[in-house]
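Lettering follows sequence order; numbering is per chain, from 1. Source: prediction; values computed, not measured.
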Protein chains: 2
Amino acid sequence: MTINLPPLSAIRAFEAASRHLSFTKAGDELGLTQAAVSYQIKLLEEKLGFAVFERKTRKIDLTQKGALLAEGVVEAFSRLRQTFQDVQDADASELVVSSNTTFAVNWLASRMFSFQMQNPDIAVRLVSYGPWEKPKFDQADVTISACYPPPKGNLFIPLIAADFTPLVAPQLAESIGGINTPADLLKLPIIDPDDPWWRTWFSAAGLPDADLTKWPTSRMGSQALEANRAIAGQGVAILTPYFCRQALQQGQLIQPFDLVCAANDESWALSYPPRNKNSRKVRLFQDWVVSELGRDGLHCPEAVLIGQDD
Amino acid sequence: MTINLPPLSAIRAFEAASRHLSFTKAGDELGLTQAAVSYQIKLLEEKLGFAVFERKTRKIDLTQKGALLAEGVVEAFSRLRQTFQDVQDADASELVVSSNTTFAVNWLASRMFSFQMQNPDIAVRLVSYGPWEKPKFDQADVTISACYPPPKGNLFIPLIAADFTPLVAPQLAESIGGINTPADLLKLPIIDPDDPWWRTWFSAAGLPDADLTKWPTSRMGSQALEANRAIAGQGVAILTPYFCRQALQQGQLIQPFDLVCAANDESWALSYPPRNKNSRKVRLFQDWVVSELGRDGLHCPEAVLIGQDD
DNA sequence: ATCTATGCATAAGGGAAATTTATGCATGAC
DNA sequence: GTCATGCATAAATTTCCCTTATGCATAGAT
């Protein structure tokens, strides 16, 4: 099955030289000197044991065997180039974005249209993952994640601080005569009481021992679903205010306390493997995300290299 | 026309890895370590901007794009291998021998059959060149020449000293009452009087001023033709005794004088370009020539490298 | 005929890139 | 839990590829 080929650089030089019938022109095409091509051809002839070019003065011709070789070699390289071209074209035209559901629903979904209008040559495929899945950093061109640090070596841009505070529908707050102290919250149904954010927030609010066990476990899996239940008046949820701007502005939800906690490691961030550093589609997407955030008054730091693995 | 391909060594590693779905096995096939393949694949992915393999535990799979690439790349390499295989097979099975006419007629012709019997897989093409042509060292696998030194770098085996002495048909010698002194030769027609060998020989025989101009110029071009004329009694020729062994043994020719001159640079020799150093067919031919000469009691020195150009 | 420009060959030297060695890590099998 | 397998990674080394600087031959021009 496996015949030993001569050195591939020699074959490549031969391929170009056989098309141009000139070492000098072949060198130009390959970005090499004439001497380099001459060297490679000689090497090839050495390996093969026969001449592939006849050296005339100021021109070269393929020998008979050289011509036979050239035919197959040129075709093989043509096939190679075509293959890479095709796949690279396909790659350039499809952007796979992996995002956790929260970000996808609260942020991406409503804005993606603008990206697609700006970049009609790029097809976007959005792959979201739930809160119990790990982001598939390696299967997407770019990933938006929280909680999980990207693999070492990835490029990383913090987007949005994952801060949180209880939010509640105004009618529900009224139903207990208004919410004045953190303890008042415990009079209401707690949406997703297992979310560790609750414990963090109650501790910061001076109630480290708040009993959160009396409500049934029901992790929703995304802030979008929790927010919907809160808006529907089914309970009080712990949410990131930025994602609920609209509901807050429109009065569907209110924020009873100024106390907003921030998760340390759990900011939303955009990241991608280093091989995409120069990828056009990834750059376009990153720039678009950053500019969208800018329109909300949020400014993102530069991309940094992740130095440590999880 | 010319798309930049990723590094060819990376493509080669990918080709093997995509067939084996294993870096380790690909390394084995290519004669590399697993680490080298891993490195090359990573390099390729870096250049392309997307992954070609999905790393699972203890196995790898092609990604979607990787699979597209693999198809074309494997085919292209298959084409390359086939091409080189075919041409190398063709090369191995045809031996082109360039020889001057003298050696071809006097020596090769009658013996070539034995070589072909010993090596039925090798087709021999004999290209002879006349005395006024230069040997085409570069167009033959192996060249047998005299007078012209092979190009620098060629391998070179002296075969037969080009010595010479006048030979004549016995009847012709009788016709002038026998040949007793070198001057007697001048009473007979001189075949090919322009051959510089005559001047050399007459000088050595004490007649540096022998007048050779009275016979018409007629360079025959090969000892075979001159020998035939001598045998036919048309004159006296200056010939290499080794090539006329048969005629001398059978009494068709006689050698009037023991004086045999040797040409310095003009021995017959076998030579070939250095790229054929390890060529099977050339080695077989060289060994056969040497052994044939050995049967005539002649022993050849080792091959030497030509250090100076003509 | 002489001169010039063009194109390939060659030698020496430098340097980038490929490869190896020596690890580490994850996981599937026992 | 332990071992074996297979890929990843870092550092060091080596290979060999390429360039620079020449030489040489000759076709074409004057």
Side-chain angles (χ1 to χ4, degrees), chain A residues 6-14 16-18 20-47 51-63 66 134 137-138 151-154 273-275 305-310, chain B residues 6-14 16-18 20-47 51-63 66 134 137-138 151-154 273-275 305-310:
Chain A
L8 291 176
S9 41
I11 300 181
R12 173 174 46 192
F14 171 68
S18 75
H20 293 295
L21 289 180
S22 155
F23 291 178
T24 307
K25 292 200 188 108
D28 290 344
E29 172 180 317
L30 297 172
L32 301 176
T33 59
Q34 164 269 129
V37 177
S38 175
Y39 171 87
Q40 292 292 342
I41 299 296
K42 181 173 201 169
L43 196 70
L44 179 68
E45 292 178 324
E46 215 90 327
K47 295 275 177 187
V52 294
F53 286 109
E54 263 182 80
R55 276 72 162 178
K56 319 252 181 102
T57 52
R58 302 186 58 163
K59 82 182 267 223
I60 53 174
D61 271 330
L62 287 161
T63 62
K134 277 191 148 186
F137 291 104
D138 290 335
K152 184 177 168 187
N154 271 28
R275 62 168 174 264
L305 202 64
I306 297 296
Q308 62 195 357
D309 211 337
D310 86 63
Chain B
L8 292 176
S9 42
I11 301 181
R12 173 175 45 192
F14 171 68
S18 76
H20 293 295
L21 289 180
S22 155
F23 292 178
T24 307
K25 291 201 188 108
D28 291 345
E29 172 180 317
L30 297 172
L32 302 176
T33 58
Q34 164 271 130
V37 177
S38 175
Y39 171 87
Q40 292 292 342
I41 299 296
K42 180 174 201 168
L43 195 71
L44 179 68
E45 293 178 324
E46 215 90 330
K47 294 275 177 186
V52 295
F53 286 109
E54 264 182 80
R55 277 70 163 180
K56 319 248 180 107
T57 52
R58 303 188 57 164
K59 81 183 265 221
I60 54 174
D61 271 330
L62 287 162
T63 61
K134 278 190 148 186
F137 290 104
D138 290 334
K152 184 176 168 186
N154 271 29
R275 62 168 175 263
L305 203 63
I306 297 295
Q308 61 195 358
D309 210 337
D310 87 63

task: Would you tell me if any nitrogen or oxygen in the side chain of R55(A) comes within less than 4.0 Å of OP1 or OP2 on dA9(C)?
output: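 Yes, such a contact exists.
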message: Whether T24(B) contacts dG6(D) is assessed here as follows: a side-chain N or O lying under 4.0 Å from the phosphate OP1 or OP2. Is that the case?
response: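 So the side-chain polar atoms of T24(B) never come under 4.0 Å of the phosphate oxygens OP1 or OP2 of dG6(D).
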Indicate the atoms forming the closest heavy-atom contact of [X] with [Y], along with that distance.
{"X": "V37(A)", "Y": "F23(A)", "result": "CG2-O, 3.7 Å"}
{"X": "A16(A)", "Y": "E29(A)", "result": "CB-OE2, 4.1 Å"}
{"X": "N154(B)", "Y": "P274(B)", "result": "OD1-CD, 3.8 Å"}

Send over the distance from [X] [atom1] to [N] [atom2], rounded to a whole Å.
{"X": "R12(A)", "N": "dC17(D)", "atom1": "CZ", "atom2": "C1'", "result": "10 Å"}
{"X": "L32(B)", "N": "dA17(C)", "atom1": "CG", "atom2": "P", "result": "18 Å"}
{"X": "I60(A)", "N": "dT6(C)", "atom1": "CD1", "atom2": "C1'", "result": "14 Å"}
{"X": "K59(B)", "N": "dA8(D)", "atom1": "NZ", "atom2": "P", "result": "15 Å"}
{"X": "L8(B)", "N": "dC17(D)", "atom1": "CG", "atom2": "C1'", "result": "13 Å"}
{"X": "F53(B)", "N": "dG6(D)", "atom1": "CZ", "atom2": "P", "result": "15 Å"}
{"X": "E54(B)", "N": "dA8(D)", "atom1": "CD", "atom2": "C1'", "result": "17 Å"}
{"X": "D28(A)", "N": "dT19(D)", "atom1": "CG", "atom2": "P", "result": "11 Å"}

Measuring from [X]:[atom1] to [Y]:[atom2], what's the distance to the nearest 0.5 Å?
{"X": "R55(B)", "Y": "S38(B)", "atom1": "CZ", "atom2": "OG", "answer": "6.5 Å"}
{"X": "L44(A)", "Y": "F53(A)", "atom1": "CG", "atom2": "CZ", "answer": "9.0 Å"}
{"X": "K47(B)", "Y": "I11(B)", "atom1": "NZ", "atom2": "CD1", "answer": "11.0 Å"}
{"X": "F14(A)", "Y": "L43(A)", "atom1": "CZ", "atom2": "CG", "answer": "13.5 Å"}
{"X": "L32(B)", "Y": "Q40(B)", "atom1": "CG", "atom2": "CD", "answer": "8.0 Å"}

message: Counting C-beta onward and ignoring hydrogens, is there a side-chain heavy-atom pair between L8(B) and R12(B) closer than 4.5 Å?
response: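 No - every pair of side-chain heavy atoms lies 4.5 Å or more apart.
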query: Of F23(B) and G31(A), whose nearest nucleotide on DNA chain D comes first from the 5' end?
result: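 Comparing both residues, the 5'-ward one is F23(B).
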message: Under 4.0 Å, heavy atom to any atom of DNA chain D: which of residues 34-42 of chain A qualify?
response: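 Those residues are A35(A), A36(A), Y39(A), Q40(A).
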message: Within the 4.0 Å heavy-atom criterion, would you say G27(A) contacts the bases, only the backbone, or no part of the nucleic acid?
response: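 Here G27(A) touches no strand at all.
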query: Under 4.0 angstrom, heavy atoms only, what part of the nucleic acid is T33(A) near: base, sugar-phosphate, or nothing?
result: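 Since a base atom lies under 4.0 Å of T33(A), the category is base.
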All N/O contacts under 3.5 Å from nucleotides 28-30 of chain C to the protein, with atom names and distances to one decimal?
unit_1: dG28(C); atom_1: OP1; unit_2: T57(B); atom_2: OG1; d: 2.8

